[in-house]
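Only a predicted model underlies this, so the values are computations on that prediction, with no experimental measurement involved. Every chain is numbered from 1 and lettered A, B, ... according to where its sequence line falls, protein lines coming before strand lines.
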Protein chains: 2
Amino acid sequence: MSRTGRVTINDVARTAGVSVATVSKVINGRYGVAQATNERVQEVIASLGYESSLVARSLRSHRTNVIGILVAEFEPFSTEILKGVSQAVAGTGYELLAYSGGGAGGTDVGWERRSLSRLSGTLIDGAVLVTPTVVEVHDGVPVVAIDPHAGPSGIPTVDSDNLAGAVTATEHLLALGHRRIGFLGGRPDLESSRLREEGFRTAMARAGVPVDPALVRVGGYRRETADRPAHELLELADRPTAVFAANDLMAIATIEAAADLGLAVPRDLSVVGFDDVPEAAATTPPLTTVAQPMQQMGSVAIGMLVELMAGRPVPAAHLRLPTRLVERGTCAPAPVGATAAVR
Amino acid sequence: MSRTGRVTINDVARTAGVSVATVSKVINGRYGVAQATNERVQEVIASLGYESSLVARSLRSHRTNVIGILVAEFEPFSTEILKGVSQAVAGTGYELLAYSGGGAGGTDVGWERRSLSRLSGTLIDGAVLVTPTVVEVHDGVPVVAIDPHAGPSGIPTVDSDNLAGAVTATEHLLALGHRRIGFLGGRPDLESSRLREEGFRTAMARAGVPVDPALVRVGGYRRETADRPAHELLELADRPTAVFAANDLMAIATIEAAADLGLAVPRDLSVVGFDDVPEAAATTPPLTTVAQPMQQMGSVAIGMLVELMAGRPVPAAHLRLPTRLVERGTCAPAPVGATAAVR
DNA sequence: CTGTTAGCGCCTTCAG
DNA sequence: CTGAAGGCGCTAACAG
């Protein structure tokens, strides 16, 4: 009786004329089943196309062989992590379940706690949290965080060197002669965003260039939310000759805003991003940016998680990967007038 | 007693001094709970950080508000689909669960049937199958397929115009004067691959250019599997002056093989890909390719699925989206000698 | 060797 | 308004 369409272990048992327990044994390869019975059940399973329900099985046995990747939404950054995770997990015998719980905006604080609660203890044996907003060690399953919003805390963490990366980006602009440099930040409540701004300010201070508060804006890390502040920055009477955006999506928004206002990149405006998502190379001109090894961050996190799930302690609780500047086409020397004026 | 670490509805009930039924009612906003009780339970839920288990809930109620995206692995194509899906699902009230069941190689035929069986009826209310190898309408939940390997069948399908796209790509190379054009195919068992090869042959035939069988290879749609055939193609004594690869990953492998052999692209070799994944713009030089609207394919599929889940029939069962040529830097006119020789 | 009996965590009657 | 009982699909003892 497959009313719902889905064939259950009961259907198999009934069709094969045995009990569900026997079917379960056959499925799990337990000993204690007659050869003939085994074969008959196998046949029924094949003919009915039965596959055990992950849900029911996990509810009972508390083990699923599934690793959860919890993200707020699927955007360029999290999907790059996913690619790395996917490669790392191949061959380990684990399967992957990427869950997007938070609302689209990413404004839904605490999504990772809810998602983890909904899935852990039953559906997944361990989890990788991608840019979680809050990290508490409250749950039973092993967890590794990638680029947590609050910085490394109690749980194992993988991130990249945001501070050094931001310094590099800013120094690149300074070396090109820029002095009026705008900064388009992420969100003040996020650690990565804070560090990138700190790196910006550090490099400026080191060079002895004052930061004009009017040139520092908040872009929210998303293309749509960065559109307005990017326009504002470029419509300033005394507009910047260069902008360092705290991620690529906002850098892309900046390039679009420039085009919108008739400014040529990089002639009238230099732009540097952060992340080096694949989309960064597709802009016109291609974006100069600070690359984080996103796929590697994903695979490293899986490595740590697998150790944790095996009950082994991980050697390094906080792993910080290096960033590097990728020079493409959005940076040019500052117009001589601009540089001279400040001097 | 939170032995496992996970807090269940029982913990909440015990702490609040009520029965689980009462807690359940509070959670689901049912009527029939005293104001004071309601508040107390809410407080306990908040303080304990309780969140109902997706697993247990779905097992019972057979409704989860979760849409499943089933993929073989997370690579550039499927993650682009994911991005589109993620945007389309925002605001619908559904949550997303992307499940990667098949082994890494993509050689695991039937992964989508198994994955679907494991998740449907319990964990997810509907599913989008990304490049499924076999499509049967065997299960209870609504399903939409994106780019099925066997071509449109019984279930609603979204794909792009592979044939026309391949013709366009080939004609582009022919227009540049190329005559010795190599074709790096996907896998013979896949419909998309078959259609792209057909498009290639059609365009060649139309131009009256014979196809040299030695120049047609199978690359398996993956970078690693395409490496060997790409090398073979370029090491031929009478090597092609251009290669049309059936997807971007293989085109990238071809560019790498060319660099490996000291061939300059596009001077010594023109290359065209298919898909236009973000990575295509990041090659040196950037890849000329046939773009499929991958994100749109994802969002369109979600649109159809949501209709289906609401019990409404979808107007168009098979939706085919257009492709277009994106000219970047990997194509140049054929060397005059080469063209003349054939004429 | 095989069937029966308990639950896993949750939700839904149905009495109290 | 609240508590006890049953069942979702499956597995793990324990009987037969």
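- Side-chain N/O atoms of A:Glu112 and A:Thr133 include a donor and acceptor closer than 3.5 Å.
- For the pair B:Leu54 CG and D:dG9 C1', the computed distance is 16 Å after rounding to whole Å.
- Between A:Arg118 atom CZ and C:dC10 atom P there is a gap of 11 Å when expressed in whole angstrom units.
- Across the protein-nucleic acid pair, A:Lys25 atom NZ and C:dT5 atom C1' stand 13 Å apart, rounded to whole Å.
- Under 3.5 Å, the side chains of B:Ser78 and B:Glu73 contain no donor-acceptor pair of N or O atoms.
- As judged by a 4.0 angstrom heavy-atom cut-off over every strand, A:Tyr31 is placed among residues making no nucleic acid contact.
- Protein atom CD of A:Glu39 is 17 Å distant from nucleotide atom C1' of C:dT2, rounded to whole Å.
- For A:Ser117 (side chain) and B:Tyr50 (main-chain N/O), no donor-acceptor pair under 3.5 Å exists by modelled atom type.
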(request) Can you run through DNA chain D from 5' to 3' and write each base as (, ), [, ], | or . depending on how it pairs? Watson-Crick or G-U wobble, both distances under 3.5 Å. (result) ||||||||||||||||
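- Rounded to whole angstrom, the span from the CG atom of B:Leu59 across to the C1' atom of D:dT11 amounts to 13 Å.
- Using a 4.0 Å cut-off between a side-chain N of Lys or Arg and a carboxylate O of Asp or Glu, B:Glu80 and B:Lys83 qualify as a salt bridge.
- In this structure, B:Ile9 places its CD1 atom 14 Å from P of C:dC8, rounding to the nearest Å.
- Contacts of B:Ser24 with the nucleic acid, taken as non-hydrogen atoms under 4.0 Å apart, include base atoms.
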Report, one line per pair, each donor and acceptor closer than 3.5 Å where one atom sits in a side chain of residues 301-309 of chain A; sequence neighbours left out.
residue	atom	partner	partner atom	Å
A:Glu307	OE1	A:Arg312	NE	2.9
A:Glu307	OE2	A:Arg312	NH2	3.1

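- Residue-level contact check: B:Arg30 touches the backbone only, with heavy atoms under 4.0 Å from sugar-phosphate atoms and none from bases.
- Using a 4.5 Å heavy-atom threshold, the side chains of A:Arg118 and B:Glu95 count as touching.
- Contact annotation: B:Arg57 side-chain N/O to C:dG9 OP1/OP2 distance is not under 4.0 Å.
- For the pair B:Thr8 and B:Asp11, the tightest heavy-atom approach, listed with the atom from each and the gap, is N-OD2, 2.8 Å.
- When distances run from any side-chain atom of B:Ala34 to the nucleotides D:dT2, C:dT2, C:dG9, the shortest one goes to D:dT2.
- Contact annotation for A:Ser52: backbone-only contact, meaning every heavy-atom pair under 4.0 Å involves sugar-phosphate atoms and none involves a base.
- Each of C:dC11, D:dC8, C:dG3 was ranked by its minimum atom distance to the side chain of A:Val18; first place goes to C:dG3.
- Note: CD1 (B:Ile45) to P (C:dC10) measures 11 Å, nearest angstrom.
- Along DNA chain D, the nucleotide nearest B:Val33 and the nucleotide nearest A:Ile27 are compared for position; the residue whose nucleotide lies closer to the 5' end is B:Val33.
- The residue B:Thr37 sits close only to the backbone: its heavy atoms come under 4.0 Å of sugar-phosphate atoms, none of a base.
- Phosphate proximity of C:dC10 to B:Asn10: absent, as no side-chain N or O sits under 4.0 Å from OP1 or OP2.
- Side-chain proximity of B:Ser19 to C:dG3, D:dT2, D:dC10: nearest is D:dT2.
- For A:Thr22, the side-chain atoms get nearest to C:dT2 when compared with the rest of D:dT2, C:dC10, C:dT2.
- Nearest approach of A:Thr131 to A:Trp111, heavy atoms of both residues: O-CZ2, 3.7 Å.
- A close approach under 4.0 Å does occur between a side-chain nitrogen or oxygen of B:Tyr50 and OP1 or OP2 of C:dC10.
- Listed nucleotides D:dG3, C:dC8, C:dC10 differ in distance to A:His62; the shortest reach to its side chain belongs to C:dC8.
- If you check D:dG3, C:dG9, D:dG7 against the side chain of B:Arg60, the one that comes closest is D:dG7.
- Spacing between atom CZ of A:Arg14 and atom P of C:dT2 amounts to 19 Å, rounded to whole angstrom units.
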